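Nothing here was measured: the structure is a model prediction, and the numbers come from that model. Per chain, numbering begins at 1; letters A, B, ... match sequence-line order.
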Amino acid sequence: MPMLEVRDVHAYYGNIHALKGISLNVEKGEIVTLIGANGAGKTTTLRTISGLLKPRQGKVFLEGEDLARYKAHELVYKGMAMVPEGRGVFSKLTVAENLDMGAYHRTDKDGIQEDLERVFSLFPRLKERRNQVAGTLSGGEQQMLATARALMARPTLLLMDEPSMGLAPILVEGIFDTIQEINKEGTTILLVEQNAHMALQVAHRGYVLQTGEIVLADTADKLRENPVVQKAYLGIE
Amino acid sequence: MRQRLESISFIDIILWLFRTLIIVAVIWGTVATIFNNPYSAENWIDFLVFGIAQGSLYALIALGYMLVYGILFMINFAHGEFFMSGVFTATVFVADPLNQIGFLNAHPILALIIITLVAMAVSMGIALLTERVAYRPLRRAPRLVPLITAIGASFFWQYFFRGLYGSGVHAFPTVDALKGNLTIAGIEILKTQVVVIVASVLLLIALYIFVMRTKTGKAIRAVAEDKDVAALMGIDVDRTIAITFATGAAMAGAAGILYALLFRQVHFFMGFVPGIKAFTAAVLGGIGSVPGAALGGLFLGVFESVGPSLFLEGLGITASYQLKDVIAFTMLVLVLIFRPQGIIGERLAEEKA
Ligand SMILES: Nc1ncnc2c1ncn2[C@@H]1O[C@H](COP(=O)(O)OP(=O)(O)O)[C@@H](O)[C@H]1O
Ligand SMILES: [Mg+2]
């Protein structure tokens, strides 16, 4: 049984048919990437999985359980966490308070403390700035905070929406290293990216999304070799 | 230069003249009053202390506007009725009976605590009901819709409680222990005013700690900033909004009892004026933070208590004290025109929709 299964999902914004029958799955322990151009429906896919948007048709399963009856905030208890598009840090809360919010649903004080130390060792910069208001962090630091905050939920499935967006190339490498590291420690990851080049390097498998439809699905290696992907997403003629 | 001149519109000039006129009038009146010196130092201290007491009440009520605006960007016009419902109910069902059996004056502290808790609970209940029935279903409606509903809810509760307890003015029982004055640092202050000020400060501090330090308080701030992301953290957004309403209403409920101690009467319409004054205070304070609301309330209370004597009498206006409400509402209009971001803090904003 896959950890996450999206089955024939249709989603709308008013009359806009944003997802036209998406199916994908993510196995336990994998990094799966969903690549596609701007406006393809990547964020909508993640919003549907995380319960922020209810599909009009189709289903989402987490470890075999239909998620239709859960609200977004209940899915955290099922092991799902998200790094939202544009990072979504609470800019008026301090770094430490943002991390507290990541662990909002947890009651295991010792475990939370343990995870706090873990994310601080992963991102020492955040430790230095723990009492600083998040709005004053740089873009790269905010991305670290958004990732760290999601990890504070101790998720089994981590959804990431364009973590490399708007970051300097040198920081992008760091983010993808971190993604691999988090995955090696046992977290399954669904990674949405426009940066297909980097995403296909770290992912095991990938899906290509185009105007609300999945047009290609394969292992990351095969996708990298695929002439269509090379032309449209990797800039190779 | 030419472009700058052209960009100054007719309206700007009028507003500028208006502002100058008011500043001149205030300064003129103040100077005239100081020269004529119609009041003693004790008079001024009385005005000031009364202003602080009144202002602390505005501050407590203003918190409710501030919290709800912060989380929903909605001006909850029914907040004055949350204030009224608690104290009115507590007066009829608790304070009066406790007074009749003599418990109120036998154990004034315990009795007042019970009365206050009942008022807070009723205000919270009314707030939760209003939020659930009248506001929550409209969460995704255009912003004007909940605003109109709030006005409707305000009328509903006024007439509801009028029907329940009558349209007359009920006297709030006198607490013997709070009669008379207390001398603090050589200044004579009414005991009720001392109670009002001390209780308000304690409640404000408690609320500040709640919002800034507790997990629920952080969740309130997180939801205020981004509801979707808050939900992704596992925060139940609807529940947090309800808690926010209840918190503001609890403060209003407590303020209601303090108001009754100060003015000794309750009636179904009592929420209206303090409600608008507190809203003014919230706007003055920038409608964005607990200290902002507190300072806005204090400022308004002192201003309308000291102001009439200070600058209206100097202008030759008699019975100036009758004009204190005019001062408050003039201030609201002025702030909305000239400084919508408040004295400190953020704007009553359209960009936040
Ligand atoms: N809130 C919204 N209201 C209306 N249309 C939207 C909204 N969000 C996204 N869309 C539309 O849905 C489509 C998919 O958007 P999105 O999922 O954000 O794409 P991506 O994340 O791949 O850039 C786009 O056509 C976009 O214009
Ligand atoms: Mg997107």
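By the 6.0 Å contact criterion, CZ on B/R136 is enclosed, its count of non-hydrogen atoms from other residues, nucleotides or ligands being greater than 12. Around atom OH of B/Y208, no more than 12 heavy atoms belonging to other residues, nucleotides or ligands sit under 6.0 Å away. For A/K20, the NZ atom counts as densely surrounded, since its 6.0 Å shell holds more than 12 non-hydrogen atoms of other residues, nucleotides or ligands. Heavy-atom neighbours of B/R139 CZ from other residues, nucleotides or ligands within 6.0 Å: above the threshold of 12.
Side-chain contact between A/V76 and B/L232: absent, with no pair of heavy atoms (C-beta onward) separated by less than 4.5 Å. At a threshold of 4.5 Å between non-hydrogen side-chain atoms, the residues B/R221 and A/E97 count as touching. Inter-residue side-chain proximity for B/D228 and A/P84 is flagged as unmet; no heavy-atom pair is nearer than 4.5 Å.
No other option in B/E225, B/M212, B/K218 has as many heavy-atom pairs under 4.5 Å with chain A as B/E225. Options A/H105, A/M101, A/E74, A/R149 differ in how many heavy-atom pairs under 4.5 Å they form with chain B, and the most are formed by A/M101.
Between A/K71 and B/D236 there is no salt bridge, since no side-chain nitrogen of the basic residue lies less than 4.0 Å from a carboxylate oxygen of the acidic one.
Note that CG of A/L93 is 11.5 Å distant from CG of B/D226, once rounded to the nearest 0.5 Å.
Residue contact with chain B, scored on non-hydrogen atoms closer than 4.5 Å, involves the side chain of A/R47 exclusively. Residue A/A72 touches chain B through both its backbone and its side chain, counting heavy-atom pairs closer than 4.5 Å.
The main-chain N or O of A/Y104 is found under 3.5 Å from a side-chain atom of B/K215 such that the two form a donor-acceptor pair.
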